[in-house]
Amino acid sequence: MRQGSLCLCYPLGRPYGVQSHPEKVMSGIRVRIAPSPTGFFHIGNAKTAIINWLFARKEGGAFILRLEDTDTERSRAEYGEVILEALHWLGIDWDEGPGIGSEPERGAYGPYRQSERRHLHLAAAERLVAEGKAYRCFCTPEELEVMRRDVREGRRSGPLRTQWRDASPEEIAAMGDRPCAIRFKTPDGETVIDDMVQGEVRTDNREFDDFVIVKPNGDPVFHLAVVVDDGLMRITHVLRGDDHLTNAFRHAMLFDALGFDRPRFGHLPMVLDEHGKKYSKRLHGANLLDWREDGYLPQTMVNYLALLGWTPEEENRELFTPEQLIEAFTVRRLGASAAKFDRKKLDWMNGQHIRMLAPETLRDLLTPILARAGFDCSDRSPEWLTRLATICQEKLPTLNAIVGLADFFFREPDAYEEKAVGKHWSKPNAVERLEAITMLLETTEPFTSEALHEAFKARAEAEGVGLGQFVHPTRLALTGRSVGPGLFELAELLGREKCLERVQRAIAFVKEMGGTS
RNA sequence: GGCCCGUUCAUCUAGUGGUUAGGAUGCAGGAUUCUCAGUCCUGUCACAGGGGUUCGACUCCCCUACGGGCUGCCA
């Protein structure tokens with residue numbers, strides 16, 4: 001019998017295998033995420049992963065990754081890699097999990113791919129049958145359909161209990177090896193769950209059918225597989241989406257029947273899209289990595305998603321690095337109501353996180369984005385690029401916004417913003433002013449933002465006008481726009497020669513404009 | 001249909017019987033004698049509805065409405 005191997009093979013308490021974070025894993029708390037590799041890592045999976053990870057790291061527990069790849073229809077090997085990539089990007093590390101590519105599997109409770117645990121699931125089912133807690137059911141799909149219709153149409157009430165529930169061994173034997181499902185024999189009574197998020201929830205077991213745990217084709221069903229896996233992996237806390245709340249009753253019954261200690265459950269509200277609907281897989285942003293694509297920082301996503309359903313003990317604070325989140329995390333502050341994803345707030349938060357970056361880090365993130373937009377940075381010095389990052393840092397809601405903010409460093413302005421032209425270049429003295437600006441740009445030594453600032457200020461004072469009278473026309477000439485990084489910083493970075501060229505072009509433009517109007 | 005969960009400003013939320021219902025994002029206005037998509041300041045905006053319980057309900061109970069989930073030989 002494999003019974004012994006089922007629930008008694010691991011010593012209670014600490015695992016004996018190699019941990020990747022032995023120093024962090026010491027509380028006995030073991031949590032997991034169990035995503036299905038079905039294409040991409042959903043934003044909701046990300047939230048669940050983050051909460052579990054924060055909990056494990058805060059409590060000194062183990063964070064486990066298990067791939068639920070049993071749906072052979074939809075699962076593909078390479079999709080597993082996608083999940084890992086998403087987790088890596090977020091900066092979420094795990095202590096036990098499947099090996100991907102050449103990487104070996106790690107952890108003492110493997111395998112960590114559900115498809116490789118089939119024998120464990122089936123053994124558990126057999127044990128339940130042997131103990132009279134589950135039964136073979138030879139009903140045909142047609143028979144089941146009739147029973148369901150009868151319930152629906154009121155000819156029959158109560159949960160599904162098939163005729164095979166109490167069949168004698170002889171009757172079963174008489175069926176030979178005809179295909180049959182294994183159904184769980186739902187016990188009488190009531191199941192109560194003390195949910196970490198939802199509080200106490202209870203249901204009469206009569207609400208539950210004798211659900212299938214092994215399909216006639218021999219495949220274990222999800223409910224059985226999760227319970228067996230969570231049980232054998234000694235998972236202590238199951239934090240997952242609240243779409244599983246009702247399933248938790250089934251799982252609790254199964255944990256009990258198999259003789260496992262039940263984990264604490266915590267059902268987290270789901271992430272809704274901006275319209276309050278379930279976040280459809282087809283929607284842009286449903287894939288966590290869409291956000292990387294759009295120029296969001298992983299630490300922003302961790303911060304934002306963590307706060308979508310959790311609030312810190314310390315009120316009125318919402319900017320956190322991942323490390324700070326770990327430090328601040330407490331289960332009792334998990335909320336129970338669903339939250340809409342707010343892109344605007346995410347933008348703000350991303351801007352805040354971008355500001356926290358070291359200039360060199362920001363530079364390294366920005367350079368490939370500029371390159372992808374067709375702005376070759378290979379001939380710019382690292383110092384120059386760092387400076388670029390610095391002067392743009394506080395203006396960027398997303399990394400990608402650099403393209404629209406700094407394009408003029410890489411190409412001549414091909415048009416001037418119309419409104420700004422009207423405002424700054426249409427006065428009679430426009431050309432005169434641009435010529436004065438030319439002079440300033442030619443003579444200022446050294447050509448630095450500080451010196452330029454001084455020179456411009458002195459000139460404006462001498463003429464008795466505001467600095468803006470000089471700054472705005474210059475900005476328009478140099479960048480083609482009315483908004484952007486600080487003018488003197490930008491001018492320094494652009495270099496004297498380029499600045500002069502562009503002001504000359506502006507003068508020509510203004511003269512032309514005057515001539516034709 | 002049955003069962004389960006949820007419902008405080010537009011959005012994320014704080015609030016566990018007595019609060020001017022607080023913060024953040026957004027939005028609006030002002031400021032910033034260099035722009036704003038940045039920064040600072042000010043303002044705007046909420047307890048889903050109805051019954052109870054109570055001296056007193058956002059807070060407790062019931063009902064209704066709305067949203068979500070489960071009800072599969074999907075996970």
Side-chain angles (χ1 to χ4, degrees), chain A residues 34-36 38 68-71 73-75 114 137 139 141 144 148 151-154 157-160 179-183 193 195 197-199 201-204 206-209 211-217 219 221-223 225-226 241-250 267 269-270 272 274 276-278 304 307-312 315-319 333 335-349 351 355 392-397 401 404-405 420 424 453 456-457 460-461 465-472 474-476 479 481-488:
Chain A
S36 297
T38 51
E68 307 231 319
D69 57 348
T70 42
D71 184 349
E73 297 276 300
R74 295 185 296 158
S75 293
Q114 198 163 67
C137 170
C139 291
L144 290 167
R148 291 216 178 82
V151 169
R152 223 179 307 130
E153 293 168 7
S157 68
L160 180 71
C180 65
I182 297 179
R183 283 180 188 277
I193 290 168
D195 194 277
V197 177
Q198 313 284 347
V201 284
R202 54 175 70 220
T203 306
D204 194 298
R206 274 177 299 209
E207 295 301 330
F208 298 98
D209 289 344
F211 54 95
V212 171
I213 54 176
V214 178
K215 303 176 198 176
N217 71 4
D219 285 344
V221 165
F222 161 74
H223 299 300
V226 233
D242 70 5
D243 47 336
H244 283 299
L245 184 56
T246 312
N247 288 334
F249 292 110
R250 295 186 181 80
H267 288 91
M270 302 207 281
L272 271 21
E274 299 185 63
K277 293 286 168 208
K278 213 165 96 173
Y304 184 75
L307 257 49
L308 223 49
W310 175 81
T311 34
E315 275 183 42
N316 303 340
R317 168 160 183 217
E318 42 194 357
L319 249 28
R333 300 290 284 191
S337 54
K340 296 188 188 72
F341 195 97
D342 184 354
R343 173 69 177 269
K344 292 252 181 66
K345 185 152 188 175
L346 181 74
D347 282 349
W348 167 78
M349 190 174 277
R355 284 155 210 236
C392 293
Q393 189 158 25
E394 64 175 29
K395 312 270 180 182
L396 294 171
L405 197 69
H424 307 301
H453 188 73
F456 271 62
K457 202 163 72 179
E461 271 166 20
V465 298
L467 183 56
Q469 296 298 311
F470 280 82
V471 165
H472 300 311
T474 312
R475 173 190 303 284
L476 189 54
T479 72
R481 278 194 302 268
S482 60
V483 303
L487 176 70
F488 304 114

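Keep in mind that the numbers below use all heavy atoms, side chains included, and drop hydrogens, waters and symmetry copies. Within every chain, numbering begins at 1; the chains are lettered A, B, ... in the order of the sequence lines, protein sequences first and strands thereafter. Note that the structure is a prediction, hence the values are computed from the model and not measured.
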Which nucleotide wins on minimum distance to the side chain of [X], given the candidates [options]?
X: A:Trp348; options: B:G26, B:G68, B:G2; answer: B:G26
X: A:His472; options: B:G6, B:G69, B:U35; answer: B:U35
X: A:Lys278; options: B:C5, B:G6, B:G69; answer: B:G69
X: A:Thr203; options: B:G68, B:U7, B:C4; answer: B:C4
X: A:Val212; options: B:C73, B:A75, B:C4; answer: B:C73
X: A:Glu68; options: B:A75, B:U25, B:G68; answer: B:A75
X: A:Lys395; options: B:U25, B:C5, B:U35; answer: B:U35

Listed partners of A:Arg355 passing salt bridge (Lys or Arg N to Asp or Glu O under 4.0 Å), at least two apart: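 Applying salt bridge (Lys or Arg N to Asp or Glu O under 4.0 Å) to A:Arg355 gives none.
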Kindly write out the residues that satisfy side chain to side chain contact (heavy atoms under 4.5 Å, CB included) with A:His453, not counting sequence neighbours, or none if the list is empty.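 In terms of side chain to side chain contact (heavy atoms under 4.5 Å, CB included), with neighbours along the sequence ignored, A:His453 is linked to A:Lys457, A:Leu467, A:Phe488.
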Assess whether one donor atom and one acceptor atom, taken from the side chain of A:Lys457 and the base of B:U33, lie less than 3.5 Å apart.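 A donor-acceptor contact between them is absent.
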Establish whether the base of B:C12 is bridged to the side chain of A:Lys340 by a donor-acceptor pair shorter than 3.5 Å.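 In this structure, the two groups form no donor-acceptor pair.
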Can you check whether [X] has a side-chain N or O nearer than 4.0 Å to OP1 or OP2 of [N]?
X: A:Arg355; N: B:U39; value: yes
X: A:Arg148; N: B:G72; value: yes
X: A:Thr311; N: B:A14; value: yes
X: A:Lys215; N: B:C74; value: yes
X: A:Arg333; N: B:G15; value: yes

Looking at every strand, decide which applies to [X] at a 4.0 Å heavy-atom threshold: base, sugar-phosphate, or nothing.
X: A:Lys344; result: sugar-phosphate
X: A:Leu487; result: base
X: A:His267; result: nothing
X: A:Asp209; result: sugar-phosphate
X: A:Ala339; result: sugar-phosphate
X: A:Pro216; result: base
X: A:Gly468; result: sugar-phosphate
X: A:Met349; result: nothing
X: A:Arg481; result: nothing
X: A:Cys180; result: nothing
X: A:Pro141; result: base
X: A:Gly309; result: sugar-phosphate
X: A:Leu144; result: base
X: A:Phe456; result: nothing

Look for any protein N or O under 3.5 Å of an N or O in nucleotides 21-23 of chain B and output each such pair with its distance, or none.
from	atom 1	to	atom 2	distance (Å)
B:G23	O4'	A:Asn316	OD1	3.3

Integer-rounded Å distance: [N] [atom2] and [X] [atom1]:
X: A:Asp195; N: B:C4; atom1: CG; atom2: P; answer: 15 Å
X: A:Leu272; N: B:C66; atom1: CG; atom2: C1'; answer: 13 Å
X: A:Asp243; N: B:G69; atom1: CG; atom2: C1'; answer: 7 Å
X: A:Tyr304; N: B:U11; atom1: OH; atom2: C1'; answer: 8 Å
X: A:Ile213; N: B:C73; atom1: CD1; atom2: P; answer: 12 Å

Can you tell if the side chain of A:Val221 reaches within under 4.5 Å of the side chain of A:Phe211, non-hydrogen atoms only?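 No, too far: nothing below the 4.5 Å cut-off.
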Can you measure from NZ (A:Lys344) to CE (A:Met349) and round to the nearest 0.5 angstrom?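 Between A:Lys344 NZ and A:Met349 CE, I get 15.5 Å after rounding to 0.5 Å.
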